[in-house]
Amino acid sequence: MFRHFLAAGAALSLAACNQIGGDTASTDLDIPEVTVPEISLDTMQAATKELSSDEYEGRMPGTPGEEKTLAYLVAQFEAAGLKPGNGDSWFQDVPLVEITGKDFAPMTVKVGDETMNLTYSDDWVGVSYREERTTTIEDSEIVFVGYGINAPEKGWNDYEGVDMKGKTALILVNDPDFDTEGLDGPFNGKAMTYYGRWTYKYEEAARQGATAAIVIHDTEPASYGWNVVSTSWSGGQGYAQRSDGGADQTVMNGWVQKGVAEKILTGSGQDFDELSAAAKVKGFKAVPLDANISTSFTNDIRSFTTKNFIAMLPGSEAPDEYVLHTAHWDHLGRCAVGEADEICNGAIDNATGTAALIALAQAHAEAGPTRRTQVFLAVTAEEQGLLGSEYYGANPVLPLAQTVGGVNLDALSLAGPAKDVIIVGPGKSQLDAYLEAALAAEGRIGTPNPVPEAGYFYRSDHFSFAKRGLPMLYVEGGEDLVTGGTEAGKAWQDAYRENAYHAPADEYVDDWDWTGVAQDLRIYYRLGRTLGDSTSWPNWNEGDEFRALRDEACAADGGC
C-alpha cells in the first residue's frame with residue numbers, strides 16, 4: 001500500500017472538494033436512506049490479530065502464508081452466510097510472472113557525431129514487460145513526444161502525425177499543467193490525471209507502436225527523487241501473466257535523469273526548456289531528434305499462481321447488478337531476512353482492510369440482502385504492483401458493465417476518532433454524492449488529498465477498476481482527530497510511516513484505539529448499502545479521463 005500523509009492544516013470541507021474536476025452532485029441519483037447496525041469490532045480485532053500473526057508469515061503470495069490466509073477467509077465468510085463468488089469457488093486463480101533484468105549493458109546514445117555512454121542505475125533504468133530472455137535495442141531513433149498524451153476527449157494528441165514504429169519515445173513526466181497553482185486547466189491543473197502517470201505513458205507508447213518508452217525524471221513533477229526510481233526499478237518486476245507474453249508491449253520501458261535528457265536535446269540542436277514549454281500547449285507536434293539509443297540486458301522469468309478471494313451476498317431484486325468492496329489480503333512476507341524479527345506482518349497494511357471486509361460482510365448479511373448483489377473481493381499481490389486487482393480487472397469474474405461501483409479499503413487508521421475522512425481523488429465521479437450523504441448522516445466532513453499533484457488515486461487497487469471505466473471510491477480514515485486535531489493526526493501518521501510502514505513493526509497492538517475504525521466502518525457500510533439499494537448507475541463526471549470508458553460499457557448489451 002502506497003499511503004499518502006496529510007499535512008496539518010490542510011482540511012477542507014466536502015463542498016470544497018466537490019469543486020474539483022466538475023459537478024458531482026446530482027438530483028437524479030437515487031440515494032436511499034440507511035439504518036446502520038452494530039458492526040462488530042470484535043470481528044475486526046480478531047481478524048486483524050489473526051491475519052497479522054507470525055503464523056501467517058507476512059502473507060506473501062505463493063507461500064504457506066497465502067494458504068492460511070485464504071483458508072481463514074473461506075471460514076469467516078462461510079460462517080457469515082455468504083456464497084462463493086466464482087461459481088462454486090471462492091477463488092480466482094491469478095497467474096503471475098516475475099521478470100528480473102540483469103547483465104545490463106551501458107545505454108549508448110548517439111547524438112549527432114557524439115556518443116554518450118549512460119550508466120545503469122546512475123543515469124538510466126529500464127525493464128522489459130515482455131516475457132523474453134533477452135532484451136535488445138539497436139539504433140532506435142529518439143522522438144521527443146512531450147507528455148506522451150493521446151486524449152481524444154480533450155482534443156490532445158502528442159503523437160499526431162508521427163510513426164513511432166521502431167522508435168523510442170522520450171516523455172515528460174506528469175501532466176502539461178502540473179505546475180499551475182490551482183485546479184483549473186486542461187488536465188485538472190495541479191491535480192494529476194491518469195495521463196500524467198508513467199503507467200499510462202508506457203501503455204500509450206506501446207499502442208503507438210514504439211520500440212521503447214523513456215520517461216524523463218524530474219523530482220518536482222514526479223513527486224519523488226531519482227533514488228526512488230533507481231531502487232523501485234531494480235530487481236524483480238511482477239506482472240499479471242498475459243496470453244501473448246506481453247508481446248504487445250514496448251521492448252523496453254524506462255527512465256533517464258533530467259540532465260541526460262537535456263544533453264540529448266542539446267546535442268540534437270534543441271533546447272529542453274523551450275520544448276518543454278511548447279509541450280504544455282495543445283497542438284504540440286512531436287520532434288524527431290538527431291539521436292538514437294542502443295542497449296541490451298537479459299531477463300530471468302519466474303511464473304507462479306496466486307489467488308484472489310471472492311464472496312457475495314446475492315441481491316434480492318437485481319442479483320445480476322453488483323456493488324464491489326475491495327481490499328488486498330497480501331503483504332511483504334519475510335522482508336527483513338537476518339534480523340531478529342524478519343516478518344513484515346502487515347497488521348495495518350492491510351490486515352485491517354481485509355478484516356473490514358469480513359466485518360462489513362457480516363453486517364450486510366445480518367441486515368439482509370440489498371436489491372443488488374454485494375461482492376467482497378480480497379485481492380492478491382497488491383504490494384507487487386496491484387497485480388491481483390489488475391488481473392481481475394482484465395478478467396472479471398462478474399462483468400464490470402454490470403458492476404455499479406465500489407469502495408476500496410486499504411490500511412484503516414488506528415489514530416482514534418476523527419472529524420473527517422480523507423478522500424483520495426474527490427470530484428471525479430457521481431459516487432461523491434453517495435459519500436456526501438454518508439458523511440452528512442454521520443456528522444463528518446471530507447478532506448481532499450492535500451497533494452493532488454502526486455496522483456495517489458492511481459496507486460491503489462481501486463485504480464485497476466477505474467481505468468476500465470468502473471467508478472470507485474477510495475476513502476481513508478481522517479486526520480482531524482477529535483482529540484488533538486490535525487497535529488495529533490499528523491503525528492500518528494508520521495510515527496506509522498517512520499516506524500512501521502512496510503517494516504516488521506507493523507504488528508498488532510492490544511491497546512489500539514478502535515473507535516476511529518468503528519466510525520469509518522459506518523461510512524463504508526452506508527456506501528455499500530446505498531449503492532446496493534439504489535436504482536441509479538453513477539458515472540464519472542463529464543470530462544473525466546474514465547468517462548468515455550464507462551459510457552462505452554453502458555452502451556453495450558446488458559450493461560449499465
For residues [X] and [Y], determine if any side-chain heavy atom of one lies less than 4.5 Å from a side-chain heavy atom of the other.
X	Y	result
Met472	Val407	no
Leu332	His502	yes
Leu409	Leu360	yes
Leu435	Leu527	yes
Leu439	Ile445	no
Val36	Val34	yes
Ile310	Tyr392	yes
Trp329	Pro61	yes

Is a side-chain donor-acceptor pair under 3.5 Å present for [Y] with [X]?
X	Y	value
Glu66	Thr306	yes
Asn345	His331	no
Gln241	Ser303	yes
Asp42	Ser40	no
Trp156	Asp158	yes
Glu50	Tyr56	yes
Thr43	Gln362	yes

Aromatic plane relationship, Tyr202 with Trp198 - under 30° parallel, 30 to 60° tilted, over 60° perpendicular: tilted
Fit a plane to each ring of Tyr195 and Phe187, take the angle between them on a 0 to 90° scale, and name the class: parallel (under 30°), tilted (30 to 60°) or perpendicular (over 60°).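 Perpendicular.
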Exceeds 12 heavy-atom contacts within 6.0 angstrom, atom [atom1] of [X]:
X	atom1	result
Lys83	NZ	no
Lys49	NZ	no
Glu317	CD	yes

I'd like to know whether Arg550 forms a side-chain contact (heavy atoms from CB on, under 4.5 Å) with Trp537, so could you lay out the CA-CA distance, the side-chain angles of the two residues, the decisive distance to 0.1 Å, and finally the verdict. CA-CA 10 Å; Arg550 188 60 168 177; Trp537 289 82; 3.6 Å; yes
Scanning both residues in full, the closest heavy-atom pair of Gly528 with Val323 reads O-CG1, 4.2 Å
Taking all non-hydrogen atoms of both residues into account, name the closest pair between Trp512 and Ala347 and its distance.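 Looks like CH2-CB, 3.9 Å.
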Charged N-O contact under 4.0 Å between [X] and [Y]:
X	Y	answer
Glu203	Lys467	yes
Arg371	Asp533	no
Arg444	Asp480	no
Glu153	Arg547	no
Glu33	Arg529	no
Arg242	Glu131	yes

Is there a ring-ring contact (aromatic ring centres under 6.0 Å, His included) between Tyr458 and Tyr200? Walk through the geometry before answering. CA-CA 10 Å; Tyr458 310 99; Tyr200 164 78; over 10 Å; no
Ring centres under 6.0 angstrom apart (His462, Phe457): yes
Nearest 0.5 Å, please: how far is [atom2] in [Y] from [atom1] in [X]?
X	Y	atom1	atom2	value
Tyr72	Glu55	OH	CD	13.0 Å
Leu531	Asp30	CG	CG	10.0 Å
Leu377	Ser389	CG	OG	8.0 Å
Tyr474	Thr326	OH	OG1	9.5 Å
Asp520	Trp514	CG	CH2	11.5 Å
Asp349	Leu412	CG	CG	11.0 Å

Tell me whether [X] contacts the main-chain N or O of [Y] through its side chain, where contact means a donor paired with an acceptor under 3.5 Å.
X	Y	value
Asn174	Gly196	no
Ser413	Ala415	yes
Gln519	Ala418	yes
Asp513	Gly416	no
Asp330	Glu383	yes
Arg372	Ser534	yes
Glu545	Tyr194	yes
Arg468	Ser464	yes

Going by atom type alone, with no hydrogens or angles, which donor-acceptor pairs under 3.5 Å involve a side-chain atom of residues 89-96 and a protein atom two or more places apart or on another chain?
residue	atom	partner	partner atom	Å
Ser89	OG	Phe91	N	3.0
Ser89	OG	Phe91	O	3.4
Gln92	OE1	Asn308	ND2	3.0
Gln92	NE2	Asn395	O	2.8
Asp93	OD1	Lys307	NZ	2.5

Which is it for Met44 and Val517 under the side-chain contact (heavy atoms from CB on, under 4.5 Å) test, yes or no, and what are the steps along the way? CA-CA 9 Å; Met44 276 294 310; Val517 170; 3.9 Å; yes
